Structure formats: structure tokens, C-alpha cells
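Before I ask anything, let me first share the structure, which is written out below as C-alpha cells.
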Amino acid sequence: MKIKPKCISCEIKGAFEQIKLSTEKEDVTFKALRAILNYLHTASFQNITPAEVGAERNRIIKEITSCFDPYLEIKNKMNDTARKLKPLAKDYISKGENEKDKFKRAIKTAVLGNYFDFSVSEHEIGFSTLKEKFRSALDMDINHDESETVTCQIFSSDKILYLLDNPGEAILDQLLLKEILKNGCRISIAARSGPVQDDVTLEMAEELNLSKFGNLIPAGQSPGVNPKKAPKELKRELDSADVIISKGQGNYEILSEFESSYKGRLAYLLMSKCEPVSASLGVPKGSMVVSFVAGVD
């Protein structure tokens, strides 16, 4: 998905919020803001995705403020909140009529987990009301729903690559990973190599015991997996996986530019949280999305 004009306003607002979390020094704040605005002023937006702009934003702010992980406190809060939602999700999955229905319910809870995201300026998380919102959303339909196709693809596969997105969300991902394991699949789970905005890192994935579901591998330090810049191990997994499960907007923004390489293997699980991504997917903002990139007939 190529960057749109509205993405620039999101980047500026996101940069200011990230700088506030990174430093209390006014002179450093001005220096970082000036650097971000200079980058946006001189950058070419011809063939670039929002996630790639976000990666450069993250690099600039980190370099100027010397703050390695400004979202750490927020990420921990996201995990604490998701732990409280997990019993609701487990109960919802357990009410499936059969194994396939339970699997599709696990897909839905993984999609709802993508609500945990502080990096999109059009999307705000209300922690105090989140439990009730989550409970209500479990009874709603997925707006773009190819869960049946994704389920059948995974049921007939041996090797799965699971691309993580955010903390909190990753705790609910565990429920889908558990269902995938029941199918006897080998799973590789990719997380950011180091802190990138509010994304889950490899270190945090270890702390959340995600290694019990599969082999943890580094995904690089961009807000979305970029096949051209991915670590060698991830490139191998992208090439060899029977099914690639891509969580969240950042991964979608970049991988959608490489879909021709992954036809018949790539599934997007996300909530559309801004107008440009929603327009790209052809759904209303705030939609639950389970989409599969079909192969050539």
C-alpha cells in the first residue's frame, strides 16, 4: 500500500507523541521535531509505504533523544489488559460447535487483538471500557471475512509463518497459535528485532512464552515486515512457509506491495484503524478483516 497524503498528518502527530514519551527536554523536542519535518519535506513519496516512513521516523527520534524504548510502559499496560481479556476469548473459542468452528473463533479473537495499537493517530484505546467493547465485538460479524479459506489453507499445511504485531495482541495470538499447533503444523513466529514504536519485540515475545508455540525469529526493525530488508532467517521462512499469517496494519502496508510473491500463501488478520488502510482494503474504518491473497487459477 503506497503512502497517501493523509498518512503524513498521522506521521507528524505520531512523531510528536513519540518524542513526548522519549524526552522531557524542550530543546531536544524541538530538535527532533525539526529533523522529522525536514525529512518529510525532502522525502520522495513516489514508491514508499507508510510503514517505511514510520521506520525512518523511529530512527530519527531514537538517534536524537537517545531513548531506546519510549513505549515500554504502554506496552506493559497493553499486556496486562490483554491478560484480563484472555479468559473471555478462551470461553468464546470453547463454545465452537466443532474443531473448525473453534479455529475460526480463534482467528476472530486474534483479529480483535489488533485493537491494541498506539501508533495510529486516528485510533484511540480506551482501557477503562476495553473489556466491554471486546465482549460486544465477539458477537459482531467480521466485515471482510475469508476465515473459511484461511482455516482450510492452514488445515492442509505443514509449515506456518506467523508475523506478530503488537503487545497485548500477542497474548490473544497465543490462542490461535494453540489451535494451529493442534493441526500438527510447524510454526515460526517473527517479532521485531528491537523496539519499534509500540510493536512486540523478540525479547518481549520470549517473556510472553511464545516460544512454546514455535520457533521465534527476528523480523527486523521496521513497523512492518519488509521482504527486501528482512533478516536472512525470515527471508527463508517467507519463501518456504505454506501459509504466512500477517498481523496488523504495518505488516499489511508493506507486504501488500509484494503480494505477487506470496499468492495462495498470505493471509492478513487485522482491524482497519485509519482511512487510507480501510480504503485500500475496501472496508469501513474500524472493520475486522480476515483476507487471503488467492493464488493463480
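Quick caveat: nothing in here was measured; it's all calculated off a predicted structure.
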Would the distance check show the side chain of Ser280 and the main-chain N or O of Pro276 forming a donor-acceptor pair, the cut-off being under 3.5 Å?
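Checked: no pair found.
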Given Lys212 and Gln174, is the side-chain hydrogen bond (donor to acceptor under 3.5 Å, both in side chains) satisfied, shown in steps?
CA-CA 10 Å; Lys212 72 180 182 180; Gln174 291 175 357; 5.8 Å; no
Keeping the roles fixed (side chain from Lys273, backbone from Met271), state whether a donor-acceptor pair exists under 3.5 Å.
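At least one qualifying donor-acceptor pair exists.
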Is any side-chain heavy atom of Val53 closer than 4.5 Å to a side-chain heavy atom of Cys7?
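Contact flag for Val53/Cys7 side chains = no.
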Partners meeting salt bridge (Lys or Arg N to Asp or Glu O under 4.0 Å) with Glu206 (sequence neighbours left out):
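Glu206 satisfies salt bridge (Lys or Arg N to Asp or Glu O under 4.0 Å) with no other residue.
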From Asn114 CG over to Glu169 CD, what is the distance, rounded to the nearest 0.5 angstrom?
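The CD atom of Glu169 is 4.0 Å from CG of Asn114, to the nearest 0.5 Å.
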Qualifying residues under salt bridge (Lys or Arg N to Asp or Glu O under 4.0 Å), relative to Arg83, sequence neighbours excluded
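With neighbours one apart ignored, the set is Asp80.
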Report yes or no: does Ser287 contribute a side-chain atom to a donor-acceptor pair with the main-chain N or O of Val289 at less than 3.5 Å?
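The answer is no, because no donor-acceptor pair under 3.5 Å joins these two groups.
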Listed partners of Ala89 passing side chain to side chain contact (heavy atoms under 4.5 Å, CB included), at least two apart
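Result, side chain to side chain contact (heavy atoms under 4.5 Å, CB included) vs Ala89: Thr109, Phe134, Leu172, Leu175.
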Does the Asn79 side chain pair with the main chain of Pro167, one donor and one acceptor, at a distance under 3.5 Å?
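Answer holds: no.
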Listed once per pair and sorted, the side chain to side chain donor-acceptor pair (under 3.5 Å) pairs that draw on residues 32-45, sequence neighbours left out
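Matches after skipping sequence neighbours: none remain.
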Atom pair CD/NZ of Glu275 and Lys285 - distance to nearest 0.5 Å
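Going from CD on Glu275 over to NZ on Lys285, the span is 6.0 Å.
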Euclidean distance, Ser136 OG relative to Met140 CE, rounded to 0.5 Å:
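Going from the CE atom of Met140 to the OG atom of Ser136 covers 5.5 Å.
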Ser256 (side chain) donor-acceptor with Met1 (main chain) under 3.5 angstrom
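Here the side-chain-to-backbone pair exists.
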Cut-off 3.5 Å, no hydrogens considered: what does the side-chain donor-acceptor table look like for residues 156-164, sequence neighbours left out?
| from | atom 1 | to | atom 2 | distance (Å) |
| --- | --- | --- | --- | --- |
| Ser156 | OG | Cys152 | O | 3.1 |
| Ser156 | OG | Gln153 | O | 3.1 |
| Ser157 | OG | Gln153 | O | 2.5 |
| Lys159 | NZ | Ser240 | OG | 2.8 |
| Tyr162 | OH | Asp173 | OD1 | 2.8 |

Taking side chain to side chain donor-acceptor pair (under 3.5 Å) as the cut-off, I'd like each qualifying pair that reaches into residues 179-188, sequence neighbours left out, listed once.
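Listed by first then second residue: Glu179-Lys182, Ser188-Glu237.
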Test side-chain hydrogen bond (donor to acceptor under 3.5 Å, both in side chains) applied to Lys247 and Asn166, step by step:
CA-CA 9 Å; Lys247 292 298 305 292; Asn166 299 314; over 6 Å; no
Indicate whether the side chain of Ser278 and that of Ser272 have a donor and an acceptor atom separated by less than 3.5 Å.
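The criterion, which ignores hydrogens and geometry beyond distance, is satisfied for Ser272 and Ser278.
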Near Lys102 NZ, under 6.0 Å, is it more than 12 heavy atoms from other residues, nucleotides or ligands?
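Check passes, neighbour count above 12.
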Rounded to the nearest 0.5 Å, how far does CD1 of Ile254 lie from OG of Ser222?
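Taking OG in Ser222 and CD1 in Ile254, the distance rounds to 4.0 Å.
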Hey, what do you get for CD1 (Ile19) to CD (Glu17), rounding to the nearest 0.5 Å?
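Here the rounded value is 10.0 Å.
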For Lys228, check salt bridge (Lys or Arg N to Asp or Glu O under 4.0 Å) against everything at least two apart and list the hits.
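Salt bridge (Lys or Arg N to Asp or Glu O under 4.0 Å) list for Lys228, sorted by chain: empty.
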Any salt bridge (Lys or Arg N to Asp or Glu O under 4.0 Å) pairs touching residues 134-150, not counting sequence neighbours?
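Qualifying pairs, neighbours excluded: Lys100-Glu148, Lys104-Glu148, Glu132-Arg135.
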Any salt bridge (Lys or Arg N to Asp or Glu O under 4.0 Å) pairs touching residues 37-56, not counting sequence neighbours?
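Every salt bridge (Lys or Arg N to Asp or Glu O under 4.0 Å) pair that includes a residue of residues 37-56, provided the two are not neighbours, is Glu56-Arg59.
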Contacts of Lys178 that satisfy salt bridge (Lys or Arg N to Asp or Glu O under 4.0 Å) - sequence neighbours left out:
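For Lys178 there are no salt bridge (Lys or Arg N to Asp or Glu O under 4.0 Å) partners, ignoring immediate neighbours.
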Would you say the side chain of Arg105 lies within less than 4.5 Å of the side chain of Ile93, judging by non-hydrogen atoms?
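They are in contact (side-chain heavy atoms under 4.5 Å apart), so the answer is yes.
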Least distance between heavy atoms, Leu281 atom then Leu270 atom:
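For Leu281 and Leu270, the tightest heavy-atom pair comes out as CD1-CD1, 3.7 Å.
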Enumerate donor-acceptor pairs with a distance under 3.5 Å from any side-chain N or O in residues 25-33 to protein atoms, sequence neighbours excluded.
| from | atom 1 | to | atom 2 | distance (Å) |
| --- | --- | --- | --- | --- |
| Thr29 | OG1 | Lys25 | O | 2.9 |

Residues that Tyr262 engages under ring pair (Phe, Tyr, Trp, His ring centres under 6.0 Å), provided they are two or more places apart:
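Tyr262 satisfies ring pair (Phe, Tyr, Trp, His ring centres under 6.0 Å) with no other residue.
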Do Phe103 and Ile154 have side chains that get closer than 4.5 Å, going by heavy atoms?
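Of all side-chain heavy-atom pairs linking Ile154 with Phe103, at least one is under 4.5 Å.
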Glu253 side chain to Ala51 backbone, donor-acceptor under 3.5 Å
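Side chain of Glu253 to backbone of Ala51: a pair is present.
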Just verifying a value: how many Å separate Thr151 OG1 and Asp101 CG, rounded to the nearest 0.5 Å?
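With rounding to 0.5 Å, OG1 (Thr151) is 9.5 Å from CG (Asp101).
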Short side-chain to backbone donor-acceptor contact, Arg192 and Pro218, under 3.5 Å
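No, because the side chain of Arg192 does not come within donor-acceptor range (under 3.5 Å) of the backbone of Pro218.
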